[in-house]
Amino acid sequence: MAIFQTNALPLGSSSDGVDRGLFLVASRLNHSCQPNVETRWNAGLGGATVHATSDIAAGDELAYSYVAYDTLFSPRAQRRALLAQGWGFQCGCAACALEGDRARQSDARRRALRPMSDAIYESISSVRLEEGVGLVEQMLALLDEEGLALPNLRGARAYDAFQGCKHPSKHADVSAHTEARAWLQCAYVAHRIAEGEDGEAVVKHAAQLQRPLTAPHRP
């Protein structure tokens, strides 16, 4: 049972571990704290799909993150301890192999990233819209600096920025309409990378792009 638990992937969006399965390819992928692929359960195909999230050279290993963002955005020592406890290995990925100042800078960036999703949600929910959109921009810049593709996360935060720019209080602001559509396009592109053309979020965003200002204010 332990082998199943450490290699099984979710069958759907739920992370409660109830519906999980083993796959010939996806279940054999290793972990990286700087992943270059994401896995997804594709209900239409009845199987797991693997999506490249960055350029991958011939011979490079495909690896995704075994852990949730809270852990991925923890300092190296904490990530390694949790991975050793849950999966029985000490991570030696590119991010964990950093030394000296580069390791300390990486830890600092990940610490900064960890609370940002909650802060963005709080700002936009409280109608501190410029603040929320600014935090999205900061988060995406930090992800770039840390070399983290994470298109699902990027898509979700871009959608938050879209929500902020299309808030009813901004309906008279033509520039906000343009910015809202640009953020929605960013969300669409990011989710398409993570999920493929038939992804639920991709289909939703494609429809919303036809009339972005009529999209529900909250997903």
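Model, not experiment: these values are computed from the prediction. Values below: every heavy atom of this structure, side chains too, minus hydrogens, waters and symmetry copies.
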Next item on the list: Answer with yes or no whether the hydrophobic clustering places L82 together with F89; edges join I, L, V, M, F, W, Y residues whose side-chain heavy atoms lie under 4.5 Å apart.
Entry: no
Next item on the list: Compare all side-chain heavy atoms of R110 with those of C33 and state whether any distance is below 4.5 angstrom.
Entry: yes
Check: Is the closest side-chain heavy-atom distance between M116 and L135 below 4.5 Å?
Finding: yes
Margin query: If we ignore hydrogens and angles and just use 3.5 Å, is the side chain of H31 paired with the main-chain N or O of Y66 as donor and acceptor?
Written below: yes
Checklist line | Interatomic spacing from CG in L29 to OG in S65 - rounded to 0.5 Å | finding: 12.5 Å
Margin query: When you measure from the side chain of S126 to the backbone of R128, do you find a donor-acceptor pair of N or O atoms at a distance under 3.5 Å?
Written below: no
Check: Looking only at heavy atoms, which two atoms of S54 and N36 are closest? And how far apart?
Finding: OG-CB, 3.6 Å
Next item on the list: Provide the closest heavy-atom pair for H51 versus G196 in the form atom of the first, atom of the second, distance.
Entry: CE1-N, 3.6 Å
Notebook entry, point to check: Are the side chains of R111 and P75 in touch, meaning some heavy atoms are under 4.5 Å apart?
Noted result: yes
Item checked: E137 CD: over 12 foreign heavy atoms closer than 6.0 Å -> yes
Checklist line | Nearest-0.5 Å distance that lies between atom CD1 in I120 and atom OG in S125 | finding: 11.5 Å
Note to self: For the backbone of E146 and the side chain of Q34, can you confirm whether one donor and one acceptor N or O come within less than 3.5 Å of each other?
What the structure shows: yes
Next item on the list: Measure the spacing between OH of Y64 and CG of L150 and express it to the nearest 0.5 Å.
Entry: 14.5 Å
Next item on the list: Find out whether L153 and S117 are in side-chain contact, i.e. whether some heavy atom of one side chain is under 4.5 Å from a heavy atom of the other.
Entry: yes
Margin query: Is any side-chain heavy atom of I193 closer than 4.5 Å to one of V189?
Written below: yes
Next item on the list: Is it possible for you to say whether L209 and W183 belong to one hydrophobic cluster, with membership spreading through side-chain heavy-atom contacts below 4.5 Å?
Entry: yes
Checklist line | Shortest non-hydrogen contact from S74 toward R79 | finding: O-NH1, 2.8 Å
Notebook entry, point to check: Quick one: does T71's side chain have a donor or acceptor within less than 3.5 Å of a partner on V67's backbone?
Noted result: no
Margin query: Whether the E131 and S123 side chains hold a donor-acceptor pair (N or O, under 3.5 Å, no angle test) is what I'd like checked.
Written below: yes
Item checked: Check: R80 side chain, Q90 main-chain N or O, donor-acceptor pair, under 3.5 Å -> no
Notebook entry, point to check: Below 4.5 Å, heavy atoms only, C-beta onward: do C165 and V133 meet side chain to side chain?
Noted result: yes
Margin query: I'd like to know whether V136 forms a side-chain contact (heavy atoms from CB on, under 4.5 Å) with M139, so could you lay out the CA-CA distance, the side-chain angles of the two residues, the decisive distance to 0.1 Å, and finally the verdict.
Written below: CA-CA 5 Å; V136 172; M139 187 174 194; 5.7 Å; no
Margin query: Looking at every non-hydrogen atom in both residues, tell me the closest pair between D160 and I124 and how far apart they are.
Written below: O-CD1, 3.0 Å
Next item on the list: Flag the pair R154 and D144 as a salt bridge only when some basic side-chain nitrogen lies within less than 4.0 angstrom of an acidic carboxylate oxygen.
Entry: yes
Note to self: A side-chain contact here means heavy atoms from C-beta on lying under 4.5 Å apart; do L113 and Y69 qualify?
What the structure shows: no
Notebook entry, point to check: Between atom CD of E179 and atom CG of L184, what is the distance when rounded to the nearest 0.5 Å?
Noted result: 12.5 Å
Checklist line | Shortest non-hydrogen contact between C186 and A158, atoms and distance | finding: CB-CB, 4.0 Å
Margin query: Please check: side-chain N/O of R76 versus main-chain N/O of L98, any donor-acceptor pairing under 3.5 Å?
Written below: yes
Next item on the list: Kindly write out the residues that satisfy ring-ring contact (aromatic ring centres under 6.0 Å, His included) with H205, not counting sequence neighbours, or none if the list is empty.
Entry: Y159, H191
Checklist line | Under 3.5 Å donor-acceptor, R40 side chain and A194 backbone | finding: no
Next item on the list: Without swapping roles, check the side chain of D60 against the backbone of A57 for a donor-acceptor pair under 3.5 Å.
Entry: yes
Next item on the list: Verify the cluster assignment for L142 and L140: are they in a single hydrophobic cluster under the rule of side-chain heavy atoms below 4.5 Å apart?
Entry: yes
Note to self: Would you say that T39 contacts T49 through its side chain, given a criterion of any heavy-atom pair below 4.5 Å between the two side chains?
What the structure shows: no
Margin query: Just to verify, what does R104 make a side chain to side chain contact (heavy atoms under 4.5 Å, CB included) with, not counting sequence neighbours?
Written below: D101
Checklist line | Backbone N/O of D70 and side chain of R114: donor-acceptor pair under 3.5 Å | finding: yes
